[in-house]
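In what follows, chains carry the letters A, B, and so on, assigned in the order in which the sequence lines appear, proteins first and then strands, with residues in each chain numbered from 1. A quick note: this is a predicted structure, and the numbers were derived from the prediction, not measured.
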Protein chains: 2
Amino acid sequence: MGVKERRERQKENLRQEILDAARKLFVEEGYDNVTMRRVAEQIEYSPTTIYLHFKDKADLLFSLCQETFAKLAGQFEALGHEFPNPLSSLKKGLRTYIQFGLDHPNHYLATFVIPYKCDAQERERHLSQDSMGMRAFDYLRMIVAECIRQGMFRPVDVEEASRALWAAAHGITSLLIVHPVFPWGDRERLIDLVIDSMVAGLQSKG
Amino acid sequence: MGVKERRERQKENLRQEILDAARKLFVEEGYDNVTMRRVAEQIEYSPTTIYLHFKDKADLLFSLCQETFAKLAGQFEALGHEFPNPLSSLKKGLRTYIQFGLDHPNHYLATFVIPYKCDAQERERHLSQDSMGMRAFDYLRMIVAECIRQGMFRPVDVEEASRALWAAAHGITSLLIVHPVFPWGDRERLIDLVIDSMVAGLQSKG
DNA sequence: AACTCTAACTTACCGCCGTTAAGTATATCC
DNA sequence: GGATATACTTAACGGCGGTAAGTTAGAGTT
């Protein structure tokens with residue numbers, strides 16, 4: 001009775017083929033230039049076939065981004081869960097986050113920047129604890145907690161500090177992606193300035 | 001020979017009518033739900049008429065956003081150009097910027113968040129010194145310069161510090177707009193935390 | 001081997017969209 | 001009163017996301 005299994009394998013293969021085709025278009029040309037028709041053309045199926053594997057375009061691209069952000073979560077978790085020097089771990093983590101966004105601009109845009117057009121149920125899905133974006137956020141929160149536990153931060157709420165740091169990192173990431181032409185000067189220096197300022201601002205006065 | 005003048009006045013009126021109709025749709029329903037057809041329907045003209053006044057949809061909505069951001073620039077410039085207490089002026093300015101974004105979410109999105117689809121020439125236009133967004137940025141830079149001049153900031157480059165502050169402010173603004181469902185906790189506190197941390201981080205150690 | 005049924009896939013379409021070419025009417029000018 | 005320019009519309013193009021209905025191939029059943 002390996003028939004059913006083979007069928008499922010084939011179905012899974014096609015799903016992956018769709019994802020790969022979509023990713024290629026997505027990486028090269030961004031959200032709007034991925035059309036169901038072009039994806040279909042690439043894999044040499046009719047456009048409707050895609051809908052047998054993905055609910056709609058948003059679902060397809062969301063799945064795509066999840067795949068990619070899983071890499072970020074993996075990168076983070078590979079850094080380990082011990083933070084002998086939490087301040088430098090924090091800076092390194094923020095650096096990693098920002099660089100990841102710059103390396104995968106269209107994924108970053110689709111995940112965090114493009115305004116949702118979907119209903120509350122889908123929005124919840126995008127923000128759920130299971131999502132890869134949130135797993136990365138969890139890691140940030142862990143480091144922040146350690147900074148606070150070791151007394152290196154002034155006594156601020158872990159959640160609030162994490163959100164504030166995320167906001168700042170998101171700000172520089174998204175601006176650099178969306179406005180590449182703006183005279184940013186030395187980008188690396190600017191990124192470091194944002195990170196260093198935020199972290200310094202959260203440190204205890206002593 | 002008042003004929004030509006009257007004609008021009010009428011033309012200007014229709015242009016403004018188009019802008020008003022588009023703004024109504026835009027504020028209520030955002031970029032994607034403004035369609036040339038719906039704007040035309042609202043003003044009871046055919047869709048093509050709009051193209052006699054605006055090059056395309058992007059031009060129409062850009063003009064719209066310029067109108068709105070002129071208000072922000074005005075708000076800033078009304079605060080005066082003297083900064084006896086530049087640190088508190090800076091915080092107040094950032095606060096104003098963020099609040100303005102939250103009050104005009106769709107304008108903010110269209111101006112700073114939505115990735116450009118236009119060519120380099122248009123991009124330049126959007127970022128030019130004349131644009132209202134940049135006038136607001138100029139004001140921020142002035143305050144930062146004053147902070148540095150008065151020795152309240154560690155000796156950092158004016159441009160870099162301004163960009164870093166803008167990035168942080170943009171980060172929290174855009175996240176709050178784009179992900180309204182995320183558990184942000186007390187938004188006001190979070191906004192203040194971002195602002196206070198960045199400003200504190202830029203201050204001189206003394 | 002013939003029949004049934006199911007899953008995979010396609011065809012043909014819907015109702016939108018931004019935009020443009022071509023046409024019409026109207027008011028001004030000479 | 002005829003020419004001209006301006007304002008505006010009609011009708012269409014090509015594209016989009018998405019769906020209902022139809023086709024086909026092949027496994028399961030007798």
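- Listed by chain and residue number, B:Tyr108 satisfy the ring pair (Phe, Tyr, Trp, His ring centres under 6.0 Å) test with B:His170 (two or more places apart in sequence, or in another chain).
- If you measure from atom CD of B:Glu41 to atom P of D:dT10, you get 14 Å, rounded to the nearest angstrom.
- Residue A:Ile43 contributes atom CD1, which lies 9 Å from atom P of C:dC9 at whole-angstrom precision.
- Legend: salt bridge (Lys or Arg N to Asp or Glu O under 4.0 Å) pairs involving residues 161-174 of chain B, not counting sequence neighbours, sorted by first then second residue: B:Glu159-B:Arg163.
- A:Thr68 and A:His104 share no donor-acceptor pair across their side chains, judged by distance under 3.5 Å alone.
- For residues 92-111 of chain B, the pairs satisfying salt bridge (Lys or Arg N to Asp or Glu O under 4.0 Å) are B:Arg95-B:Glu188, B:Arg95-B:Asp192, with sequence neighbours left out.
- Every pair passing salt bridge (Lys or Arg N to Asp or Glu O under 4.0 Å) that includes a residue from residues 34-46 of chain B is listed here, sequence neighbours excluded: B:Glu29-B:Arg38.
- The nearest whole Å value for the distance from the CZ atom in A:Phe54 to the C1' atom in D:dG17 is 16 Å.
- For A:Tyr139, the ring pair (Phe, Tyr, Trp, His ring centres under 6.0 Å) test picks out A:Phe76, A:His81, A:Phe83, with sequence neighbours left out.
- For the segment residues 13-21 of chain A, no residue has any heavy atom less than 4.0 angstrom from an atom of DNA chain D.
- In this structure, the ring pair (Phe, Tyr, Trp, His ring centres under 6.0 Å) partners of A:Phe69, at least two apart in sequence or on a different chain, are A:Phe100, A:Phe112.
- Of the possible donor and acceptor atoms, none in the side chain of B:Thr49 sits under 3.5 Å from a partner among the backbone N and O of B:Tyr45.
- The stretch residues 63-81 of chain B participates, sequence neighbours left out, in these salt bridge (Lys or Arg N to Asp or Glu O under 4.0 Å) pairs: B:Arg23-B:Glu67, B:Glu77-B:Arg135.
- When the C1' atom of D:dT9 is taken as reference, atom OH of B:Tyr45 falls 12 Å away, rounded to whole Å.
- Residue A:Lys11 places no side-chain N or O under 4.0 Å from the OP1 or OP2 atom of C:dA7.
- Per the geometry, CG belonging to B:Asn33 stands 13 Å off P belonging to C:dC16, to the nearest Å.
- Between the CG atom of A:Leu61 and the C1' atom of D:dG17 there is a distance of 12 Å, given to the nearest Å.
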For nucleotides 17-22 of chain C, which of its nitrogen or oxygen atoms have a protein nitrogen or oxygen under 3.5 Å away, and what is each distance?
from, atom 1, to, atom 2, distance (Å)
C:dC17, OP1, B:Thr35, OG1, 3.2
C:dG18, OP1, B:Val34, O, 3.4
C:dG18, OP1, B:Met36, N, 3.4
C:dG18, OP1, B:Lys57, NZ, 3.3
C:dG18, OP2, B:Met36, N, 3.0
C:dG18, N7, B:Arg37, NH1, 2.3
C:dG18, O6, B:Arg37, NH2, 2.9
C:dT19, OP2, B:Tyr51, OH, 2.9
C:dT19, OP2, B:Lys57, N, 2.9
C:dT19, O5', B:Tyr51, OH, 3.4

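- At whole-Å resolution of the value, CG in B:Leu52 and P in D:dT10 are 14 Å apart.
- In this structure, B:Ile50 atom CD1 and D:dC8 atom C1' are separated by 12 Å, rounded to whole Å.
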